[in-house]
Structures are given as C-alpha cells and as structure tokens.
Participant: 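So that we are looking at the same thing, I have put the structure below in structure tokens.
All chains are named by letter (A, B, ...) in the order of the sequence lines, taking the proteins before the strands, and each is independently numbered beginning at 1. Side-chain atoms are counted along with the backbone in the values below, which use heavy atoms only and exclude waters and symmetry mates.
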Amino acid sequence: EDKVVQSPLSLVVHEGDTVTLNCSYEVTNFRSLLWYKQEKKAPTFLFMLTSSGIEKKSGRLSSILDKKELFSILNITATQTGDSAIYLCAPEKYTGGGNKLTFGTGTQLKVEL
Amino acid sequence: KAGVTQTPRYLIKTRGQQVTLSCSPISGHRSVSWYQQTPGQGLQFLFEYFSETQRNKGNFPGRFSGRQFSNSRSEMNVSTLELGDSALYLCASSFSGPQETQYFGPGTRLLVL
C-alpha cells in the first residue's frame, strides 16, 4: 500500500526563521511529487518535482526530490506570517488508467510575529 | 478564467440520508478528481474522472460514487451517510490528469449529524 509521511506534523516559528518540511514516500510506479499549500480551503499548487537533485525555487520557497532515498523537502526562508498554512506533499503514481495522487496528512506551519 | 467551483459550500445531513455534491472544473479541463479531507486522515483520494469515465478509484466503500457529464462537470454521491463521512470534500481539475497541475475548488463542508 502506498505510504506518505510528512514531518513534523506541526511547528511554530517566528518571522524570519527558516523552516524545512519533510516528506517521505513509498509509492509504486512513481512519476512525480507535488507540494501544495492549504490555507483556509483549497490547496494551491507550489511545486512539481520529477527529477532527483534538481532544486525548484519560487521566491523564498524551494524544494528538492531524492528519488533514491524516497523523500522530498520543502524549504521556506525568511518566513512571514502569510506562510502560516498546512503544507501537503503528494507523490503521483501511474496506475495504468491514468495517474493518481496520494496526499500526506500535511505539516501545519504557524509563523508568529 | 473562472476557477473550480463547488456547490453547495456547506451542507448538514443526518445519518442514513444521501447527498450529491457538484463540481464545475475550469473551462477546458477534462479531468476531475475528488478528495475527502478530515483532520485525522488528511486528504484522501476518492476517484478521478476523465471524459465521462472513471479512471481511478481510491479505497472508499461503494456508498461513494461519482459521475462526469459531457461538459466535464462532475458530481459525487454519498448514500446512507454515516457520522464519519463528515469532512471537507474537495474537487480538483486539470487538463488531462493529476500529472499536471491540479486546481482545487473551495470544497464542500459536509456535516453528518
């Protein structure tokens, strides 16, 4: 059975801190791994990672995938209160009839002043 | 371009009833995926539809069903509601499948009493 574990489950930091969120996975027929940010309702897309060792960056956020060790990390530098959210990782697998995402339970990040 | 819309936004039902939720994808998107989100289980995949056909299905009982219409709008139905079905139900659309960026709707919050 596919498994996705995110850690930590939650953390509280102060503005300006740097955080690293972890995602480990066991998924057959792996294709890619996606990161989402969920604030109030709908998750919003952050990154899609398909290749090992290639860092993707978007402003203060960056992410990297290790397909050998089966994990990904999401880094946020100089955190702001607006970064407070649940961060979800979702490895994607090919099922033969299409592709399917399996979501982790997420990391709840709270950034305080 | 209008985003993914879901109706209704909130719903209260009692055990044993059935419910139908609706999702209108972004114009031009043909893939619609449904997810259930609860605090304990996180985001769990229900099913994915593409061109009116169910391509993938998660590990949910047969009480959960769905369909997709020719205009790509999708509905999901839950029969014989149980208390544990209380959750946020999210749908996400993409052009051809979850391997592309999925855009999530705001969700339907279902409370079963």
Side-chain angles (χ1 to χ4, degrees), chain A residues 1-10 21-25 27-51 56 58 61 63 65 85-109, chain B residues 2-10 23-26 29-60 68 87-110:
Chain A
E1 191 179 317
D2 297 334
K3 200 163 118 177
V4 184
V5 177
Q6 289 188 246
S7 63
L9 287 180
S10 66
L21 310 182
N22 304 291
C23 173
S24 66
Y25 62 91
V27 166
T28 54
N29 299 323
F30 174 85
R31 280 192 55 135
S32 68
L33 186 138
L34 289 79
W35 282 95
Y36 285 85
K37 176 183 180 183
Q38 186 174 23
E39 291 176 83
K40 292 201 175 152
K41 286 284 172 67
T44 53
F45 172 80
L46 292 174
F47 297 109
M48 175 187 277
L49 304 158
T50 53
S51 302
K56 289 216 171 176
S58 176
L61 276 67
S63 185
L65 174 69
I86 298 172
Y87 290 84
L88 299 162
C89 81
E92 179 210 352
K93 66 184 286 178
Y94 177 69
T95 63
N99 298 306
K100 181 182 150 185
L101 295 179
T102 301
F103 282 84
T105 50
T107 292
Q108 172 98 53
L109 172 65
Chain B
V4 179
T5 57
Q6 290 187 246
T7 56
R9 295 291 306 277
Y10 301 93
C23 172
S24 292
I26 290 172
H29 284 189
R30 294 164 67 192
S31 167
V32 174
S33 297
W34 287 90
Y35 298 88
Q36 180 196 66
Q37 188 174 33
T38 57
Q41 298 292 322
L43 251 176
Q44 291 191 287
F45 173 75
L46 281 155
F47 25 66
E48 186 231 348
Y49 286 87
F50 180 81
S51 292
E52 302 176 67
T53 301
Q54 187 182 86
R55 280 202 302 201
N56 281 294
K57 191 175 187 312
N59 298 324
F60 278 81
Q68 187 180 35
L88 179 67
Y89 290 88
L90 291 161
C91 83
S93 79
S94 60
F95 183 70
S96 60
Q99 71 275 16
E100 302 177 349
T101 303
Q102 287 188 93
Y103 294 88
F104 281 81
T108 294
R109 173 76 64 186
L110 171 65

Participant: Less than 4.5 Å to any heavy atom of chain A: does that hold for the side chain of B/Q37, its backbone, both, or neither?
Facilitator: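 For B/Q37, side-chain heavy atoms alone lie under 4.5 Å from chain A.
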
Participant: Looking at A/L88 and A/G106, what are the two nearest heavy atoms and their distance?
Facilitator: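 Heavy atoms of A/L88 and A/G106 come nearest at CD2-CA, 3.7 Å.
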
Participant: Using the salt bridge (charged side-chain N to carboxylate O under 4.0 Å, His left out) criterion, which residues pair with B/E52? Sequence neighbours excluded.
Facilitator: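 Residues passing salt bridge (charged side-chain N to carboxylate O under 4.0 Å, His left out) with B/E52: none at all.
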
Participant: Out of A/A42, A/P43, A/G104, A/A90, which one racks up the most heavy-atom pairs below 4.5 Å with chain B?
Facilitator: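 Winner by heavy-atom pair count: A/P43.
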
Participant: Tell me, please, which residues at least two apart from A/S58 pass side chain to side chain contact (heavy atoms under 4.5 Å, CB included).
Facilitator: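 If we apply the side chain to side chain contact (heavy atoms under 4.5 Å, CB included) test to A/S58, skipping adjacent residues, the hits are A/F47.
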
Participant: Without hydrogens or angle criteria, can the side chains of A/S32 and A/E92 be said to hold a donor-acceptor pair below 3.5 Å?
Facilitator: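 Judged by distance alone, the side chains do pair up.
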
Participant: Measure A/Q6 against the heavy atoms of chain B and call it side chain, backbone, both or neither at under 4.5 Å.
Facilitator: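 Answer is neither: A/Q6 stays 4.5 Å or more from chain B.
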
Participant: Please state whether the side chain, the backbone, both or neither of B/L90 comes within less than 4.5 Å of a heavy atom of chain A.
Facilitator: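 For B/L90, the side chain is the part near chain A, not the backbone.
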
